[in-house]
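Throughout, a chain's letter reflects where its sequence line sits, starting with A, and its residues are numbered from 1. Note that these values count all heavy atoms, side chains included, but never hydrogens, waters or copies made by symmetry.
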2 protein chains.
Amino acid sequence: MSAKRDSSGAGGRRVTIADVARKAGVSRATVSRVLNGQDTVDPVLAGRVRQVSRRLGYHPSAIAQGLARGASHTIGVVVPDLANPFFPEVVKALTVAAGKDGFSVVVADSDEDPEAELRLIQDVSRRVDGLVLCSPRAGIADLRRVVRKGLPTVCTNRMVDPPLTASVTIDSGRGMQAVIRHLAELGHRRIAYLAGPPSSSSNADRLGALERSLPDAVVIPTGSKSQEGYASAAAAAEAGATAVICFNDLVAFGALARLRTLGVAVPAEVSVVGFDDIPAADFVHPTLTTVRLPKAELGRTSWEVLRDQLGGHGASASVRLEPTLVVRESTGKAAGVAGNAVAVGERAGS
Amino acid sequence: MSAKRDSSGAGGRRVTIADVARKAGVSRATVSRVLNGQDTVDPVLAGRVRQVSRRLGYHPSAIAQGLARGASHTIGVVVPDLANPFFPEVVKALTVAAGKDGFSVVVADSDEDPEAELRLIQDVSRRVDGLVLCSPRAGIADLRRVVRKGLPTVCTNRMVDPPLTASVTIDSGRGMQAVIRHLAELGHRRIAYLAGPPSSSSNADRLGALERSLPDAVVIPTGSKSQEGYASAAAAAEAGATAVICFNDLVAFGALARLRTLGVAVPAEVSVVGFDDIPAADFVHPTLTTVRLPKAELGRTSWEVLRDQLGGHGASASVRLEPTLVVRESTGKAAGVAGNAVAVGERAGS
DNA sequence: GTGAAAGCGCTAACAC
DNA sequence: GTGTTAGCGCTTTCAC
């Protein structure tokens, strides 16, 4: 029971490369070479170094390596809300892809607050080699102010014009067009849109596409959460819509729930469509017709584009991915006559 | 091509503290003092430094600060699967709480692979001041091997015995007991459990509690995803169970879907219960009775416990949180029990 | 109050 | 092949 700070890093001071060098009777440079897999070292020494190194429980400090090498092998990703099922999938694909290339990912959640987002961007920028801004909510002017020129950055799931950085986006407008076509084929004429947050550029895209091809659609300001969908659904029904397009699946879930409590049959009386295709879309009842956004691809591609920049392959790419309409049970032929007999009184606040 | 590294970090070299010092006509030490809010500097100089600093677009490198201060103000969190709705909520609460204390969070997703998990733990350990292991899947021996003594660590949502690190857990067994009591009150006698992954300690807890109070329950190996729940549900029905307890909500969703396709009414013929209480639980149909795990609290508390360790407040804490049963529509009186002749299937005409 | 100097732990020329 | 020597960008005694 004597001082045994040998096996596996002792409680006290951390083991450094100097400790290993000393114990192994070589220079720090040699230790560094061995541990970084350089083949220019005498096999005997190399073996000794490796042995001492593991006996001492030595683990090189990534911080120090970062300083010395001028690259931390860490990137940052800023998201508005990790609790929104859309983002974890993107972040997961991103971290896994980056991890395969030896990069760690710092995740920052702005909680849908543009101010906080700006702060996080600046903060994270100080400690990473590159940055992914996922659906940033901040205004373009603010964004321009905090995005560091010189720091490889890709803006994901938001179109910024003129482009501020490389970008990976999804053609939301096309998704909306597909929805409109689908509903038209089913005979729907009176359509309502439960709009997302004004700060969301996806929402702007969808709204734009909607108004372009369906100028008389009823637009109801809603939000991005189920509760908000629940609150807005009644208004859509009141407006006599036979089809309700929702900003995202979460909102659609809320709408579905509300319509059920109102006794409005889906899709017999009203059709409902979402955006995202989160996993639960396949398990609500009726299962949800929705526009599938390639979330994993978004994350993976974001990393690839960022990696190119990190590698100095300059030219900011601008990739655009395509969504696909997934038709399930929540959409059907339009009811013969618009409107329904149900009294739609109360509307929850918020 | 003259060097114009003046206004806002030029394309080339990054602006360092030395640049600021030179332009402001002071020493680097003074710049450091000013920017770190020390009040021992001549206000005039301080003002000049601040001005030059922002004019040059200087942002201290967190990497270099980390090396110099011996702390990176970054912690790591390793999760099995960010796509499982349970984890994003924990991670979100964790990152937000840590962020308030000025800490960044590196997120690593092991994709449910114990091998990968071990690798990630070691990798992340090299670049952080502390570590949160969220529901680690690796074996205890492996875990013991890679968890660095000396690196503040908290193990969340998994009981390790004997304790390897500080821990924050949820008393899953109590949750299971509440479920059993609830089902007993409803008259259920024949109960099936769709078990989670063997590597999950939550599953072990639940299974243990189940077998202790209900030795003759039918246990069906299942997994943690909806698909798996879908696959196992038929077996539960075949076994004549009037109530199905599912490892988690995702599995319950799958079971719900399968029972529907089998024409089994929930809860009239079979009751279904989940674990977690993910947001969608309130939007499936019927809405899901489930054991709510305090996910946000888990994340927040994990940070607090870790922070205490970082602050040197030694003694590894061991916090245990309580789950609560949330009764919704998916559970009801056991078939055949007096008082429940009503068919509850108000399914909208599909 | 302010500057000079010595590191933090590591890597990478550059000698030998 | 291997050791020596400079740094990477910052903080922090310690003199002045």
Ignoring backbone atoms, test whether [X] places a side-chain nitrogen or oxygen under 4.0 Å from the OP1 or OP2 oxygen of [N].
X	N	result
A:Ser27	D:dT2	no
A:Ser61	C:dG9	no
A:Ser32	C:dT11	yes

**Message:** Ignoring hydrogens, what is the shortest heavy-atom contact between A:Cys134 and A:Pro80? Give both atom names and the distance.
**Reply:** O-CD, 3.4 Å
**Asked** Within this structure, what is the CG-to-P distance between A:Leu67 and D:dA6, rounded to whole angstrom?
**Response** 19 Å
Can you tell which of [options] lies closest to the side chain of [X]?
X	options	result
A:Ala68	C:dG9, D:dT2, C:dG3	C:dG9
A:Ala64	C:dG7, D:dT12, C:dC10	C:dC10
A:Arg33	C:dC14, C:dG3, C:dG1	C:dC14
A:Asn36	C:dT11, D:dG3, D:dT11	C:dT11
A:Val41	C:dC10, C:dT2, D:dT2	D:dT2

**Item:** CZ-OG distance between B:Arg158 and B:Ser199, expressed to the nearest 0.5 angstrom
**Value:** 8.0 Å
**Prompt:** Looking across every strand, which nucleic acid part, if any, lies under 4.0 Å from B:Thr16 by heavy atom: base, sugar-phosphate, or nothing?
**Reply:** sugar-phosphate
**Request:** Answer with base, sugar-phosphate or nothing: what part of the nucleic acid does A:Ile63 contact at a heavy-atom distance below 4.0 Å?
**Result:** nothing
**Prompt:** Between B:Asp113 and B:Arg137, is there a salt bridge with N-O shorter than 4.0 Å?
**Reply:** no
**Asked** Please walk me through it: do B:Asp111 and A:Lys92 pass salt bridge (charged side-chain N to carboxylate O under 4.0 Å, His left out)?
**Response** CA-CA 9 Å; B:Asp111 220 13; A:Lys92 182 186 174 94; 2.7 Å; yes
